[in-house]
Amino acid sequence: MEEQIDKLNSQTVLEEWSGTSSNKLSLTAVILPSSSPSSFTVKKYGNRFNLFSRRFLEAFVPEGFPNSVTPDYIPFQTWDLLQGLSTYIRMMLSTQALLSAIGVGEKSATVIGATFQWFLRDLTGMLGGVMFTFYQGSNLDSNAKMWRLVADLMNDLGMLMDLVSPLFPSAFVFIVCLGSLSRSFTGVASGATRAALTQHFALQNNAADISAKEGSQETVATMIGMALGMLLAHITMEHPTIIWFSFLSLTVFHMYANYKAVRCLNLTTLNCERSSILLLHFMETGQVFSPKEVSVLEHVLPLWVSSWSSKSTKFLYTRVRLGVRVSSLNSPEMMELLSSAGSQYEKAKYLLLEKKGIISIVMHKDSTTADVMQAYIHALVMANLSHHNRTSLHTDSQTWMDKHYQTFVSKLQSSGWKTGRLLSSSITWRANWSRTIPDKKIK
């Protein structure tokens, strides 16, 4: 027995490693055989401070960081935390103004009056959130960058209403209800787009971990922002000019930080605009942009702002209507659609209709996500060819699809794009068509 132990001790060396990622492990201890039988020597490495700092950091970054997240995670989170910090500082200023308008600290104010005003404010916000979800819920995924900016802009407007409310006592309830309504849009849009971005960051199916760590980061930013906000509110008390200057300066910084944050994102999902950018470049050069290159070209501001600032840009995707209702077409359009169903698109799960440069897509009721992707790319090809005054758009576009579509999709996948689904508005209207063969008369 002693010979076996001596043999084991002379050959076995046990090491202890610490870390959450295989390439970020650190050696903490080595267990060596001792000269005496049945005993070992433990040699420790590192110190308690390093171990504590590593454990502390793990409370704020995802497990396996940085290999478990995309490269744009760090710059986005940096700017996002900065904009969050400015938000919580301004929130203290707007809340102070709101409480002052309600009558906190005044003998003439009643508890029931203040409670009723607060109730109306919250009720308006809840109803606004439901209505916004009803009208725009399906669009938040497809335009996550734009809605992220819009959400924060609406939040800024809401806080501005709170700050303005003491200046108009007669319209106080109306103003604070408008502010609550504005912030309700923020809650819905920000939460939905954050979920989409979390899925983008997750490289190892760790969306839940990323979301939890983002919550820890936001908690710290909230505490720091509230402390700084209370200090600023105390310093600027009874100095309205300084309050307004501080609020507006922080608002400008807030919007700048939000713009920089969404500009850092290199999304790999395909929406209408990204598909248009990729297809135009492919038709011109035969090559496909990377997600990082497309992120520089796509617009993060609403379309009317982008159109005003860059009139030379080719917004090809704005000329495509996906999921058109068949009963809304007039007689000539219906005849053209029926003709297409029996000729060019006999085997396809979609129909295309062109009128004055606008391409309408009618989806089959049994169409899949792959069919939607193919239909949209086909419509973009047709819209691009219509610039050259082609008389046979259906034939020319179908020829291009037969020759280049599979190559285009393969290059997208090899460049890191996710081609399984097109992020677009919900397709509410679909159709069904079949070709009937007339019975022959027997003579």
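Please read all numbers here as calculations on a predicted model, not as lab measurements.
Applying the side-chain contact (heavy atoms from CB on, under 4.5 Å) criterion to I243, with sequence neighbours excluded, gives L163, T236. Listed by chain and number, the residues in a salt bridge (charged side-chain N to carboxylate O under 4.0 Å, His left out) with E293 amount to none (sequence neighbours excluded). The side-chain contact (heavy atoms from CB on, under 4.5 Å) search around M255 returns L153, D156, not counting sequence neighbours. Residues forming a ring pair (Phe, Tyr, Trp, His ring centres under 6.0 Å) with Y256 (at least two apart in sequence, or on another chain): W79. For S328, the side-chain contact (heavy atoms from CB on, under 4.5 Å) test picks out V324, R325, with sequence neighbours left out. Residues passing the side-chain contact (heavy atoms from CB on, under 4.5 Å) test with V252, sequence neighbours excluded: none. For E354, there are no salt bridge (charged side-chain N to carboxylate O under 4.0 Å, His left out) partners, not counting sequence neighbours.
Checked options V320, L353, L352; the residue passing with M382 is L352 (criterion: side-chain contact (heavy atoms from CB on, under 4.5 Å)).
Under 4.0 Å is where a charged nitrogen must lie from a carboxylate oxygen, and between R148 and D80 at least one such pair does.
Aromatic ring pairs are classed by plane angle as parallel below 30°, tilted from 30° to 60° and perpendicular above 60°; the pair F408 and F282 is tilted.
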M363 and L322: CA distance, side-chain angles, deciding distance, side-chain contact (heavy atoms from CB on, under 4.5 Å) verdict: CA-CA 8 Å; M363 296 304 306; L322 180 60; 4.2 Å; yes
Checking side-chain contact (heavy atoms from CB on, under 4.5 Å) for the pair V326/M334: CA distance, chi angles, key distance, verdict? CA-CA 8 Å; V326 176; M334 189 70 72; 3.8 Å; yes
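Although no hydrogens or angles enter the test, the distance criterion places a donor-acceptor pair under 3.5 Å between the side chain of R319 and the main chain of G357. Side-chain atoms of S165 come within 3.5 Å of backbone N or O of D162 as a donor-acceptor pair. Of the possible donor and acceptor atoms, none in the side chain of T124 sits under 3.5 Å from a partner among the backbone N and O of C177. Between the side chain of N258 and the main chain of D152, no donor-acceptor pair closer than 3.5 Å is present. Not one N or O on the side chain of S184 forms a donor-acceptor pair closer than 3.5 Å with the backbone of M126. No donor-acceptor pair closer than 3.5 Å links the side chain of R430 to the backbone N or O of D366.
Annotation: N205, atom CG; neighbour count of heavy atoms from other residues, nucleotides and ligands within 6.0 Å does not exceed 12.
Residue pairs that meet the ring pair (Phe, Tyr, Trp, His ring centres under 6.0 Å) test with at least one member in residues 230-251, sequence neighbours left out, do not exist here. The stretch residues 406-417 participates, sequence neighbours left out, in these side chain to side chain donor-acceptor pair (under 3.5 Å) pairs: Q413-T419. Within the structure, ring pair (Phe, Tyr, Trp, His ring centres under 6.0 Å) contacts touching residues 189-219 (residues at least two apart or in different chains) are Y73-F201, F76-F201. Applying the salt bridge (charged side-chain N to carboxylate O under 4.0 Å, His left out) rule to pairs touching residues 202-216 yields R194-E214, D209-K213, sequence neighbours excluded. Residue pairs meeting the side chain to side chain donor-acceptor pair (under 3.5 Å) criterion with at least one member in residues 368-377, sequence neighbours excluded, are T368-D371.
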